[in-house]
Amino acid sequence: PSYRGLPDEYIRPKCSGRNELCDEVLNDHWFSVPTGSEEGFKASLKNQYEENLFACEDKRHELDLVIELNNSTIQALIPIVKQLA
């Protein structure tokens with residue numbers, strides 16, 4: 001898989017219950033982007049229902065990324081709108 005860094009402006013959700021060790025070892029800066037080369041997993045699919053489930057999960061994940069990107073954009077634009085008003 002290919003990894004991409006989250007932009008510095010991205011507002012990361014707060015996580016309760018973290019300690020110093022968690023802050024040191026957990027990843028809050030990188031996310032995995034499938035490259036389409038995950039053929040090993042696709043070969044293990046057994047039937048059309050599993051294939052459809054995988055496709056649905058993939059589309060939901062992509063939609064979630066788009067929603068979060070739009071939310072981040074809105075949050076970045078709010079101060080600009082307030083400044084212009």
Side-chain angles (χ1 to χ4, degrees):
S2 176
Y3 290 88
R4 297 202 178 135
L6 290 170
D8 292 335
E9 320 67 67
Y10 178 75
I11 300 170
R12 290 167 179 81
K14 296 290 181 193
C15 179
S16 63
R18 278 198 176 183
N19 57 28
E20 290 180 20
L21 177 63
C22 293
D23 291 334
E24 289 178 23
V25 299
L26 295 177
N27 172 30
D28 289 327
H29 305 286
W30 298 94
F31 66 97
S32 174
V33 178
T35 60
S37 62
E38 291 83 15
E39 296 302 323
F41 178 74
K42 288 184 181 180
S44 69
L45 297 175
K46 304 276 191 263
N47 58 43
Q48 67 183 12
Y49 304 107
E50 289 177 332
E51 290 176 10
N52 287 334
L53 180 61
F54 178 78
C56 181
E57 289 174 349
D58 200 33
K59 288 177 183 177
R60 288 186 67 163
H61 176 72
E62 289 178 21
L63 180 60
D64 188 48
L65 289 177
V66 170
I67 290 170
E68 287 300 319
L69 178 62
N70 287 336
N71 188 36
S72 295
T73 303
I74 290 168
Q75 295 304 316
L77 289 174
I78 286 175
I80 296 170
V81 169
K82 287 180 180 178
Q83 192 176 29
L84 293 173

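Count residues from 1 along the sequence.
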| query | Is the backbone of Q48 close enough, under 3.5 Å, to the side chain of N52 for a donor and an acceptor to pair up by distance? | reply | yes
| query | How close do G5 and F31 get, heavy atom to heavy atom, and via which atoms? | reply |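 Heavy atoms only, the tightest pair is O-CE2, 4.1 Å.
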| Value rounded to 0.5 Å, distance of CG in L26 from CD in E24 |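 Those atoms lie 10.5 Å apart.
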| How long is the span from the CD1 atom in I74 to the CG atom in L69, to the nearest 0.5 Å? | 10.0 Å
Does [X] have any side chain to side chain contact (heavy atoms under 4.5 Å, CB included) partners at least two apart in sequence or in another chain, and if so, which?
X: D28; answer: R12, R18
X: D64; answer: E68
X: N19; answer: L21, C22

| said: Side-chain heavy atoms nearer than 4.5 Å, only ILVMFWY residues, links allowed to pass through others: does that put L84 and L77 together? | reply: yes
